[in-house]
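A quick write-up on the structure given underneath.
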Amino acid sequence: MEHNSTFPIKQSELDMLRDEAASYLKSIQWEQGQRAKNKDKDAKDESILLYLSRANNGSSAANITSVSKTILALKKRLLPDSVAIPIYLNQTLYAVQEGITLGIWIKDSYYDASGLSSLSENKSGLDTTGKREFESKMHTATAFMLFATAYNILHNLKEIASDDLSVMKQKFAGIPEVSLLTPLKGIGCSLFYYDKYLGHPDIIKSDQDVVDFTVVYFEALLDEIQLRKSSLEYTETIVDRTYKLEKSEFAISGWDNVFAGAAKSVEFNKIQFEQIVGNRDAKHFARRLTERMLSYDFTAKKNPFQELGGFMPVFMGYGIPGTGKSMLIAAIATRLKEHCDNLELPFLFHPMPDTLISTFQGGSSEKMVEWMKPLQDPTKLIFAPIDDAENNLQERTAQGVSAGVKEVIGVFLRYTEGAYAVNYGNSSVGLFTNLPEMLDKAVISRVQGRFKIDGARTEHDFLDQDHLWWRKLQETMPEFVNMQGPNDYTYLSNQGLAKSMGEILNLTEKPTEERVLETYEKVEKMHATNDHMFYASLYKEIQQIFPFFSSRDVRNIQSAVSLRLTDFDLEKDWFENPEKYFKQPYETKFNMLQELMKANMKGLNFSDIRRQEVVRYLDNVATIADTDFKRKVDGRVNQLNIDLEAREQFEKGR
């Protein structure tokens, strides 16, 4: 669903609602439902749910709760000897108040947009249908209000919460009930349980716990509302618009939740490109990718390389097992992280989790949406690798492919192209695989840059691989290793980065794949290779052999050519003095890159580049198509050899 209109949330309008929000924090009333009181019978954590369910203990006075009083009591307990309020307590209370204020604004806006305001005014005169509509819209208004409140609280507290909330999540026993009857009951119910938890001495032991618990609680509230949103009606005025808070990054787009699967960077091992042996193509590609991502402009929310045609939202690295895919992922992340730290930019390393495929119907697509959502966040640079991509993005038509895989692919395709696809030029998804031929064809066609991860390839590569391994022993016990090093080669000197793709590619003038070479030479007899007709005929012929070759492949070749045209180094001193380039406004960056691009093109020949990229791409298509067939044949041959050998041994033994 496209969001087609944006509405501002004005600070001045929020100022008028803050008193109402504060009054809820001072005192709210909630009468527990019977089910919530009985929750302790099957509770996973007896003591806590028992504590929550006995919160009312029968007297009507006890169901009035005051969050602000509880916070003051916490202040006394956590900082008994001080007059000051601990900073996190203060920030939490403020965030909750601002969240409620924003929630009230969103609720009022929904009242007006959905016609609930006028239904409220004529409440006494409504017929049965009118009453039903009124109640239904009340539920939706309450859900949207709580959603906005929780979402805003998370937005304001995410930065100061601990990175690891797992301990707090274990202490938390869930929200016993969520009321969506009316906005007042909704806020009353959710603050009532929030307050009860806050007062529990086993849960809150420090003021950091207050922040962490608040994030865990309101994340749970968001999840509850996400679970129920399918039963809500009259949501058109929610899903078709975006509300943006002025003077802030905060925005609400329907029920979208960017914090889902919370985008906190995952830890990774630091690896430098020089520690990876061979893989010249892959290392070069990875370096270009990092430089291009770093050129993203946070103010303009776009990347000059997108305009120049050198940015790849989806790319693929493929090669046989054991050639360094995982190392390469870590090296790209390391390089991005180091540059981001240096340039003071927010960076998110966001690998796809292994546990994505769910056994539940619909579970995988939900998890996949949750994983893809953060890629649309324009406020950080995001590298999202999918290692062993063939596990989650396997050819859908193959036998025995699970429903989960199909769901994941559906979401991937929707988010990489189509109404949902948003790419500001700040995020890139990398597929890494040993078995590209097992990937779904539609997924492969989304790939705009591809490179081989082929590991050690030359004598020097193998020398360096041994050197990297044995040098630790050499340093501690030189007389033990005691082997002659090479005379004419300095270790690791071949493992540096290539200057340009041309250095790596100048070997490929003609296709290496048999069928592609045959076709290429046939078309070459009809047209010169610097003639547009040559390529038109070549594509037509290739389509006869590989029916799945389509105009999207042609577009991918075009984007590979654009990548080559932007295949230049950013100036070294731009990294040392970021204000020269990285901190310049978008237009300046764009003009600087255009100058570099023109200077770079002087040494290039367009028809050479085009030919090289076409050859490279078609070889790739053929390799992927043939490998599948070849693997089946090899498997069969292997089986026959085993049968023969077994028969011989059997005959001998008789």
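In this text the structure is predicted, and so the values were computed from the model without any measurement. Residues take their numbers from the sequence shown, with the count starting at 1.
- Checking side-chain atoms of Arg414 against main-chain N and O of Val369 turns up no donor-acceptor pair under 3.5 Å.
- Among all heavy-atom pairs drawn from Asn269 and Thr334, the shortest one is O-OG1, 3.8 Å.
- Surrounding CG of Leu72 are more than 12 heavy atoms belonging to other residues, nucleotides or ligands, all under 6.0 Å away.
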| Derivation and outcome, side-chain contact (heavy atoms from CB on, under 4.5 Å), residues Cys340 and Leu294 | CA-CA 8 Å; Cys340 283; Leu294 290 161; 4.0 Å; yes

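- Contact check for Phe298 versus Pro378: no side-chain heavy atoms found under the 4.5 Å cut-off.
- Annotation for Leu221 and Ser190: closest pair CD2-CB, 4.1 Å, computed over non-hydrogen atoms.
- With values rounded to the nearest 0.5 angstrom, Leu102 atom CG is found 10.5 Å from Met145 atom CE.
- Scanning for side-chain contact (heavy atoms from CB on, under 4.5 Å) contacts around Lys75 gives Ile85, Pro86, Leu89, with sequence neighbours left out.
- Salt-bridge formation is not detected for the pair Lys229/Glu224: no Lys NZ or Arg NE/NH1/NH2 atom is positioned less than 4.0 Å from an Asp or Glu carboxylate oxygen.
- Contact check for Thr149 versus Ile153: side-chain heavy atoms found under the 4.5 Å cut-off.
- The distance from the OH atom of Tyr234 to the OH atom of Tyr110 is 8.5 Å, given to the nearest 0.5 Å.
- Using modelled atom types, one side-chain atom of Gln11 and one backbone atom of Glu246 make a donor-acceptor pair closer than 3.5 Å.
- The shortest side-chain heavy-atom distance between Phe7 and Ser109 does not fall under the 4.5 Å cut-off.
- Taking the ring centroids of Tyr424 and Tyr296, they lie at or beyond the 6.0 Å cut-off.
- One N or O on the side chain of Asn423 and one on the backbone of Ser427 form a donor-acceptor pair closer than 3.5 Å.
- Within the 3.5 Å criterion, the main-chain N or O of Ser66 finds a donor-acceptor partner in the side chain of Thr70.
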| request: Report the C-alpha distance between Leu336 and Met293 in whole Å, list the side-chain angles of each, state the deciding distance to 0.1 Å, and finish with yes or no for side-chain contact (heavy atoms from CB on, under 4.5 Å). | output: CA-CA 8 Å; Leu336 275 168; Met293 277 177 79; 4.1 Å; yes

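- Looking only at atom types and distance, the side chain of Ser120 has no donor-acceptor partner in the side chain of Tyr111 under 3.5 Å away.
- Applying the salt bridge (Lys or Arg N to Asp or Glu O under 4.0 Å) test to pairs two or more places apart or on separate chains, none has a residue in residues 203-215.
- A donor atom on one side chain and an acceptor atom on the other are not found under 3.5 Å apart for Glu219 and Tyr151.
- Side chains of Ser166 and Asp164: a donor on one and an acceptor on the other come within 3.5 Å.
- With sequence neighbours excluded, the residues forming a side-chain contact (heavy atoms from CB on, under 4.5 Å) with Ala143 are Leu180, Ile225, Leu232, Trp255, listed by chain and number.
- Between Leu245 and Ile9, the shortest heavy-atom distance links the atoms CD1-O, 3.6 Å.
- Only one option out of Tyr217, Tyr24, Trp30 pairs with Tyr194 in a ring pair (Phe, Tyr, Trp, His ring centres under 6.0 Å); it is Tyr217.
- In this structure, Leu393 and Leu431 have side chains that are in contact, with non-hydrogen atoms separated by less than 4.5 Å.
- Across every non-hydrogen atom of Ser428 and Leu289, the tightest pair is OG-CD1, 3.6 Å.
- Gly425 and Asn303 get closest at one heavy-atom pair: O-ND2, 2.8 Å.
- Contacts classified as side chain to side chain donor-acceptor pair (under 3.5 Å) and involving residues 130-141 (residues at least two apart or in different chains) are given here: Arg132-Glu233, Glu133-Lys137, Ser136-Glu233.
- How far CG of Asn426 is from NZ of Lys302: 14.0 Å, rounded to the nearest 0.5 Å.
- Counting heavy atoms from C-beta outward, Val67 and Val96 have side chains that stay 4.5 Å or more apart.
- Using a distance-only test at 3.5 Å, with no hydrogens or angles considered, a donor-acceptor pair links the side chain of Lys244 to the main chain of Ser248.
- A pairwise comparison of heavy atoms in Val401 and Arg396 identifies CB-O, 4.1 Å as the closest pair.
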| request: Dump the intermediate steps for side-chain contact (heavy atoms from CB on, under 4.5 Å) on Arg446 and Leu413, then the final yes or no. | output: CA-CA 8 Å; Arg446 292 287 196 270; Leu413 297 177; 3.5 Å; yes

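- Interatomic distance, Thr433 OG1 to Ile386 CD1, rounded to the nearest 0.5 Å: 11.0 Å.
- Pairs engaging residues 87-104 under the side chain to side chain donor-acceptor pair (under 3.5 Å) rule: Arg18-Glu98 [sequence neighbours left out].
- Side-chain contact between Phe412 and Met368: present, with at least one pair of heavy atoms (C-beta onward) separated by less than 4.5 Å.
- Partners of Phe311 according to the ring pair (Phe, Tyr, Trp, His ring centres under 6.0 Å) rule, which considers only residues two or more places apart in sequence or in another chain, do not exist here.
- Residues Lys406 and Ser365 fail the side-chain proximity criterion, which asks for heavy atoms closer than 4.5 Å.
- The main-chain N or O of Lys185 is found under 3.5 Å from a side-chain atom of Thr182 such that the two form a donor-acceptor pair.
- The backbone N or O of Asn391 lies less than 3.5 Å from no partner atom in the side chain of Asp388, so there is not a single donor-acceptor pair.
- Looking at Pro385 and Met352, their side chains never come closer than 4.5 Å, going by heavy atoms from C-beta outward.
- Ion pairing of Asp297 with Lys301 is absent here, as no side-chain N (NZ or NE/NH1/NH2) approaches a carboxylate O to less than 4.0 Å.
- Aromatic ring orientation, Phe315 versus Phe432: perpendicular (interplanar angle above 60°, classes split at 30° and 60°).
- Note that CE of Met438 and CD of Glu395 are 9.5 Å apart. Values are rounded to the nearest 0.5 Å.
- Atom CG of Leu348 is separated from atom CD1 of Ile382 by 5.5 Å, given to the nearest 0.5 angstrom.
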| said: Between Asp440 and Ile444, does the side-chain contact (heavy atoms from CB on, under 4.5 Å) criterion hold? Intermediate values first, please. | reply: CA-CA 6 Å; Asp440 189 80; Ile444 287 187; over 6 Å; no

